[in-house]
Structure formats: C-alpha cells, structure tokens
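Every value quoted in this text rests on a predicted model; they were computed, and no experiment measured them. Along the sequence shown, the residues carry numbers beginning at 1. Atoms within a ligand are numbered from 1 in the order they appear, just like the ligands themselves.
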Amino acid sequence: MREWEKGEYLSKFSIEKLVSSDILRIRPYIPGKPVEEVKRELGLKKVIKLASNENSLGPSPKAVEAIKNYAFRIHLYPDGAGYYLRKSLAKKFKLDKENIILGNGSDEIVSLLTRFFIQKGDQVIMGDPSFLMYKIDTQLSGGKVIPIPLKNFKLNISEMLRSITPQTKIIFIANPNNPTGTIVRKKEVEDLFKFLPSSILIIFDEAYCEYVEDPDYPQTLEWVRKGKNLIILRTFSKIYGLAGLRIGYGIAKKEIIDILNRARPPFNVNSLAQIAALASLSDIEHLHRSKKLVKEGKKFLYHSLKEMEIPFVPTQTNFILIRTGEKTKEIVDELLKRGIIVRGMESYNLPQYIRLTIGTQEENETFIRELKSILFSS
Ligand SMILES: Cc1ncc(COP(=O)(O)O)c(C=O)c1O
C-alpha cells in the first residue's frame with residue numbers, strides 16, 4: 001500500500017495547512033435567516049423580514065409573467081453574453097453594450113474586480129463601516145484593507161484621498177453607503193477625480209441609487225463617458241425586487257469590462273434572471289410605486305422614531321440605521337420572537353444600532369408598535 005493510501009497520511013494534514021493564512025483571517029458574511037426557518041424555529045404563523053433591504057412590494061408583475069413564459073425553455077443554457085439585457089442597459093445609459101458586464105448579483109462583480117485587480121500586498125481603501133463584502137473579497141485576494149472611519153455616518157472622502165499610497169489599487173465608494181444610508185455628493189466626487197492618481201480604480205457601488213432623493217447625488221455615468229478609471233455597480237436585487245434571482249451589472253470603459261470578461265464564468269447569469277431583469281426595466285410603474293412606498297414609509301418611520309426619541313440616521317435608501325442603545329441585542333431577539341426580523345449591527349462594529357428595511361405601511365406600523373411595546377412597557 002502506498003503512503004497516501006493509508007488513512008494516517010491524510011490525518012497528518014490539518015485543513016488549516018491547505019489554505020492560506022489570508023483565507024483563515026476572513027470573518028464570513030452572515031446573511032439574515034430566511035422567513036420560513038424563523039417561522040419553524042419559533043412556531044410563528046407570520047414573520048416579516050426587514051433585514052436585507054429587499055423591495056417590500058415584491059418583484060414587478062411583468063418580471064413574474066416573463067419568468068412563467070420562459071420556464072419551458074430552462075433546459076437551454078443561458079445567453080452567456082447577456083446580449084438583450086446589456087443592449088437595453090446600454091441604450092438606457094447612452095453607452096455601448098461593451099461598457100456593460102452582467103454579474104450573478106453585483107456581489108460577483110466585486111469579487112471579479114478584487115480577483116483581477118488586486119495582488120498580494122496591494123492596498124484597498126474603503127469606508128468603515130461599509131458593505132462587508134468589500135473587506136472579505138479584498139482579503140481573499142491577499143490585499144490589505146485600509147479602513148477609513150466614517151465622519152458623521154458619511155464616507156470621509158478627503159481622508160480617503162489622504163490615505164492613498166503607491167500601493168493603493170482600489171477605492172470602494174458605496175454610494176449610498178450600507179449600513180448608514182448616507183451619500184457622497186457631487187463636489188466630493190469632483191475632488192476625488194481631481195486628485196486621484198491614474199493607477200487607481202474607483203468602484204462606485206450604487207446598489208440603492210434609484211431611491212436617492214438628494215439633488216446633489218453625483219451622476220457618475222458622466223465620469224465613465226469621460227474615460228476615467230471607475231466602475232459603477234448596480235443591481236436588480238433592491239428596487240427591482242429580484243434579489244432571489246441574483247443579477248447585477250457593472251458600467252465602465254471598455255478596457256475595464258474587457259478585463260473582467262476574460263475570466264468571468266461563461267454562464268454566470270441564468271436565463272430567468274436575464275429575462276426578469278429585462279421585463280423589470282420596462283416596468284416604470286413598478287419603479288414609481290416602489291419609490292413612493294419608501295418615501296412614504298420613511299416619513300412615517302422618521303415621525304414615529306422622533307416621537308419615541310429614538311435617534312436614527314436620515315437615509316437616501318430603503319433602509320434606516322436606528323440607535324437602539326445598549327440593549328440592542330435583547331431588542332433584536334425580542335423583535336424576532338414577535339415575528340420581526342431586523343439586522344443587529346454588531347458585525348458592522350455598531351453594536352448599539354439596528355438596520356431596518358423600510359417595509360409596507362402595515363409592516364412599518366407593526367415594527368413601531370412592537371418596538372414601543374418592548375421599550376416602554378415593563
Ligand atoms: C451596498 C451594497 N452593494 C451590493 C449589495 C449586493 O447586491 P447584489 O444582490 O446585487 O449582490 C448589497 C446588498 O445588500 C449592498 O448593500
């Protein structure tokens with residue numbers, strides 16, 4: 001019997017020795033629990049999930065119809081080039097389809113970017129806290145995370161600029177930022193491009209851009225048209241209500257998209273996602289209804305939270321960061337027992353905060369009622 005065929009040979013190795021220390025240092029992303037699981041665990045009939053910033057209205061009916069019509073063709077591989085969707089997005093943004101890449105969620109494009117643009121020892125600047133996947137993907141590529149603390153819950157662009165070194169390769173700008181819901185303004189983006197060395201790529205993650213009401217929100221597409229080193233990431237997971245299908249896209253100059261396409265998995269975006277995204281793009285009414293729901297929900301929640309003297313961060317998105325204080329963990333657990341899933345912000349280093357997705361009016365009222373009862377009746 002050869003050495004490796006004896007069980008002992010394998011037992012001499014521990015899993016830790018098979019992977020790099022960079023991987024072992026990664027703290028995994030912990031997604032919220034699915035509704036059905038919470039119902040089963042806690043024996044609840046009704047559970048509302050306000051934890052992952054999904055669209056509480058659901059998907060566009062046009063998307064659902066398109067999926068039904070396409071279902072009998074799922075034995076075929078998807079269109080690996082995403083021809084029709086890229087064409088439609090290019091038309092919407094007055095660019096060419098070569099300026100667009102589709103991803104299995106915008107998540108996938110973040111991981112393609114870090115995989116191709118980061119080498120061991122390269123530095124990646126990002127807000128702290130900001131969307132957790134930036135850090136995980138940077139570490140996976142052997143890059144060094146340079147976290148820049150937020151200032152008044154906003155990304156601190158001037159500090160980001162000051163932190164640039166010859167090793168800096170990427171700057172992540174979540175605009176609006178998750179978990180704070182705040183934005184970086186036009187002037188700050190102008191400054192960024194004024195002082196930025198040409199060897200750095202900026203990733204503008206605009207997952208929630210459709211909800212932004214502030215007129216000073218930058219039109220980053222103009223910078224793509226000017227040929228700058230940036231990529232804009234957008235998603236169908238949020239306002240378009242297709243989170244379960246996994247589809248997002250990136251917009252950049254052709255050279256950047258070309259690099260990403262070199263090792264993109266050939267069928268990374270499935271047919272139903274492409275078909276549903278295409279149908280959603282044409283459903284302007286669903287888009288308006290979704291925006292209106294959030295605008296009105298925001299008004300109600302702001303008013304109720306102020307009345308209860310609970311501090312919160314004004315948001316440009318479909319979620320709100322709320323300061324629930326030292327008892328946050330107990331509050332999150334108690335809300336869960338009452339059938340409301342919200343996100344405690346411990347993993348974002350904000351242990352005294354929760355992040356609440358703005359729901360339907362009924363969901364928002366239930367949240368406020370239960371929060372009031374937890375905080376004020378004892
Ligand atoms: C800022 C930000 N970017 C990206 C994503 C992920 O989007 P997708 O579902 O397209 O992967 C999220 C999801 O919560 C997010 O908050």
Per-pair distances, ligand 1 N/O vs protein N/O, less than 3.5 Å:
unit_1: ligand 1; atom_1: 3 (N); unit_2: Asp205; atom_2: OD1; d: 3.3
unit_1: ligand 1; atom_1: 3 (N); unit_2: Asp205; atom_2: OD2; d: 2.5
unit_1: ligand 1; atom_1: 7 (O); unit_2: Ser106; atom_2: OG; d: 3.2
unit_1: ligand 1; atom_1: 9 (O); unit_2: Ser237; atom_2: OG; d: 2.6
unit_1: ligand 1; atom_1: 9 (O); unit_2: Arg246; atom_2: NH1; d: 2.8
unit_1: ligand 1; atom_1: 9 (O); unit_2: Arg246; atom_2: NH2; d: 3.3
unit_1: ligand 1; atom_1: 10 (O); unit_2: Ser106; atom_2: N; d: 2.7
unit_1: ligand 1; atom_1: 10 (O); unit_2: Ser106; atom_2: OG; d: 2.9
unit_1: ligand 1; atom_1: 10 (O); unit_2: Thr235; atom_2: OG1; d: 2.5
unit_1: ligand 1; atom_1: 10 (O); unit_2: Ser237; atom_2: OG; d: 3.4
unit_1: ligand 1; atom_1: 11 (O); unit_2: Ser106; atom_2: N; d: 3.2
unit_1: ligand 1; atom_1: 11 (O); unit_2: Asp107; atom_2: N; d: 3.0
unit_1: ligand 1; atom_1: 11 (O); unit_2: Asp107; atom_2: OD1; d: 3.4
unit_1: ligand 1; atom_1: 11 (O); unit_2: Arg246; atom_2: NH2; d: 2.7
unit_1: ligand 1; atom_1: 14 (O); unit_2: Tyr208; atom_2: OH; d: 3.4
unit_1: ligand 1; atom_1: 14 (O); unit_2: Lys238; atom_2: NZ; d: 2.9
unit_1: ligand 1; atom_1: 16 (O); unit_2: Asn178; atom_2: ND2; d: 2.7
unit_1: ligand 1; atom_1: 16 (O); unit_2: Tyr208; atom_2: OH; d: 2.6

Regarding Asn364 and Thr366, is there a side-chain donor-to-acceptor distance under 3.5 Å anywhere?
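Side-chain D/A pair, Asn364 to Thr366: absent.
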Which residue in the set Leu321, Val332, Ile322 passes side chain to side chain contact (heavy atoms under 4.5 Å, CB included) when paired with Met345?
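Only match with Met345 under side chain to side chain contact (heavy atoms under 4.5 Å, CB included): Leu321.
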Report the residues that fulfil ring pair (Phe, Tyr, Trp, His ring centres under 6.0 Å) with Phe153, sequence neighbours left out, ordered by chain and then residue number.
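Only Tyr353 meet the ring pair (Phe, Tyr, Trp, His ring centres under 6.0 Å) criterion with Phe153.
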Please determine if Lys62 and Glu65 form a salt bridge, counting it only when a charged side-chain N lies under 4.0 Å from a carboxylate O.
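Answer for the salt bridge query: no.
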Could you tell me how the ring of Tyr134 sits relative to the ring of Phe131: parallel (under 30°), tilted (30 to 60°) or perpendicular (over 60°)?
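If you compare the ring of Tyr134 with that of Phe131, the planes turn out perpendicular.
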Centroid-to-centroid, Tyr208 to Phe319, below 6.0 Å?
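Yes, they do, as the ring centres are separated by less than 6.0 Å.
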